[in-house]
There are 2 protein chains.
Amino acid sequence: MKLQNITTSKNGSSRRLYDDACGTAHALDLIGERWALLIIRELMLGPKRFGDLRADLPRISANVLTQRLDGLEAQGILMRRRLPPPGSTQVYELTEWGYEAEPIIQTLGRWATRSPAHDPTLPLSATSLMMSFRTMRDPAQLGGIDAAIGFRVGKEEFRMRIADGRVTVARGDPEGADLILSGPAVAIAAAVYGGVPIEMLEADGALGVEGDRALLARFVTLFPLPEKAAPPA
Amino acid sequence: MKLQNITTSKNGSSRRLYDDACGTAHALDLIGERWALLIIRELMLGPKRFGDLRADLPRISANVLTQRLDGLEAQGILMRRRLPPPGSTQVYELTEWGYEAEPIIQTLGRWATRSPAHDPTLPLSATSLMMSFRTMRDPAQLGGIDAAIGFRVGKEEFRMRIADGRVTVARGDPEGADLILSGPAVAIAAAVYGGVPIEMLEADGALGVEGDRALLARFVTLFPLPEKAAPPA
DNA sequence: CGGCATCCGGGAAGATACTG
DNA sequence: CAGTATCTTCCCGGATGCCG
């Protein structure tokens with residue numbers, strides 16, 4: 001290790017800061033570097049290991065991930081935690097303040113889906129699909145629904161609860177839910193956001209459905225995308 | 001101009017994109033580059049010229065500002081507009097969709113002021129001070145207030161209206177407001193966010209006050225900063 | 001395999017000087 | 001005043017390798 005690296009890593013403030021009292025500028029100092037906010041997004045539904053993050057952010061390189069995790073930890077946004085042995089692997093978990101960044105993710109997401117350039121058919125991580133449901137829920141449509149919906153997306157399992165006009169999502173066993181959807185995140189996104197008919201996705205083997213199909217028909221209407229903004233002239 | 005520049009500017013997608021369907025990731029593709037969101041912030045209260053932006057973002061370099069303005073225009077977030085002659089100078093103005101980014105600025109700002117590292121004594125542009133009032137207003141304290149407050153910050157003038165529990169701010173003539181504050185943005189920020197006594201700022205010649213001093217005493221309590229998050233252990 | 005450190009190439013950001 | 005040209009610095013991304 002070179003001396004330069006010692007000074008620059010010890011004094012993390014050698015990073016380019018905006019030097020601006022505005023809270024927005026400070027937010028960018030904290031989480032404005034490339035990948036930082038997407039790492040936070042991936043941790044939003046609970047702790048993950050280094051390798052999980054690499055898998056869910058396929059285009060990040062290991063050294064950048066290391067740098068970001070260091071920086072976010074130093075700023076108190078996430079913590080390293082060592083799981084009890086055996087298998088005492090390390091996980092990264094948001095702090096309480098880190099979890100409070102969820103509105104940032106939602107506000108950005110809601111605004112950007114109005115972009116004419118937004119392409120909802122791109123790949124998608126399981127976490128961002130689940131987060132998108134919390135972001136895009138239509139309160140007017142949720143009234144009167146009380147249901148549990150399970151998801152199996154790759155190796156990850158989630159349980160959503162819709163009740164009292166609210167949507168909560170957490171990692172958890174889908175078993176026993178009123179409706180269970182299985183398949184890659186893009187397939188579920190195609191059904192909910194792309195308007196692709198369920199039957200077509202099932203026929204392709206892309207989507208598995210168990211349980212209340214009437215609920216499913218309603219489910220795919222609960223998360224409307226906002227209208228596109230006018231494209232640039 | 002070189003051929004390379006033509007291809008890279010025509011095909012703006014040579015930029016590093018996240019390639020992720022998640023709206024949050026797309027937002028970062030749109031406004032995640034350095035300085036982009038601060039440029040949007042500076043335009044939030046109306047159009048500005050190139051030189052205004054340089055003055056209000058003192059540490060941005062001219063070529064980066066040019067690149068960002070080009071990119072934001074290509075994405076439909078802002079427009080170039082030529083003012084009617086004489087003095088037919090060019091200004092940059094947010095599109096309707098661009099103005100809708102205000103919640104992003106507010107959400108980031110609110111979250112980041114909880115950072116242990118946030119330093120509210122740093123320099124501040126007039127626009128970000130005005131935006132901060134919209135962000136930080138305490139609805140519980142605004143009830144029953146109906147007032148017009150004017151600001152003279154450097155060469156810029158603003159008029160704030162507090163009524164019906166809402167705060168609106170626009171560029172405009174402070175004359176005739178119930179209260180008029182004059183001085184650099186840092187001085188006004190010191191009074192509102194730093195708890196520095198008005199008398200001290202006036203004695204220093206940093207702050208000028210005209211009009212209703214009782215309203216001023218109340219005004220400085222209307223924008224409480226959120227509690228700090230626990231500092232990293 | 002998870003968690004890094006290191007080296008390298010390309011490109012974005014910063015600073016300064018220059019032009020219409 | 002509104003940008004452009006150029007140069008330097010530094011960040012990002014990819015590959016490789018070390019170590020528990």
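Lettering follows sequence order; numbering is per chain, from 1.
- Between B:Trp35 and C:dA12 there is no side-chain N or O to OP1 or OP2 distance below 4.0 Å.
- The CG atom of B:Asp204 sits 10.0 Å away from the CG atom of B:Leu207 when rounded to the nearest 0.5 Å.
- Residue B:Arg68 has no polar side-chain atom (N or O) positioned under 4.0 Å from OP1 or OP2 of C:dA12.
- Note: CZ (B:Arg54) to C1' (C:dA15) measures 10 Å, nearest angstrom.
- For A:Gln67, no side-chain nitrogen or oxygen approaches OP1 or OP2 of D:dG13 to under 4.0 Å.
- Rounded to whole Å, the distance from OH on B:Tyr92 to C1' on D:dC1 is 11 Å.
- Put simply, the side chain of A:Ile104 does not reach to within 4.5 Å of the side chain of B:Arg110, judged on heavy atoms.
- The CD-C1' distance, from A:Gln90 to C:dC4, rounds to 10 Å in whole Å.
- Listed nucleotides D:dC12, C:dA15, C:dA13 differ in distance to B:Arg16; the shortest reach to its side chain belongs to D:dC12.
- Rounded to whole Å, atom C1' of D:dC11 lies 13 Å from atom CD of B:Glu33.
- For the OP1/OP2 pair of D:dC12 and a distance below 4.0 Å, the side-chain nitrogens and oxygens of B:Tyr18 include no atom meeting the criterion.
- If you take CG of B:Asp29 and P of C:dA12, they are 14 Å apart, rounded to a whole angstrom.
- With values rounded to the nearest 0.5 angstrom, A:His26 atom NE2 is found 11.0 Å from A:Asp20 atom CG.
- In this structure, of D:dG14, C:dC4, D:dG3, it is C:dC4 that holds the atom nearest to the side chain of A:Thr66.
- The interatomic distance linking A:Ile60 (CD1) with D:dG13 (C1') rounds to 10 Å, in whole Å.
- The pair B:Arg80-B:Glu73 meets the salt-bridge criterion, with a side-chain N (NZ, NE, NH1 or NH2) lying under 4.0 Å from an Asp/Glu carboxylate O.
- A:Arg82 has no side-chain polar atom (N or O) that falls below the 4.0 Å cut-off from OP1 or OP2 of D:dG20.
- Donor-acceptor pairing under 3.5 Å, judged by distance alone, is present between the side chain of A:Asn63 and the base of D:dG14.
- Geometrically, B:Arg34 engages A:Tyr18 in a cation-pi contact, judged by NZ or CZ lying under 6.0 Å from the ring centre and within 45° of the ring axis.
- For B:Ile39 and C:dA13, the CD1 to P distance is 10 Å, given to the nearest whole Å.
- When distances are taken from the side chain of A:Val64 to each of D:dG13, C:dA13, C:dC4, the shortest belongs to D:dG13.
- For the pair B:Leu65 CG and C:dG14 P, the interatomic distance rounds to 12 Å; values are reported in whole Å.
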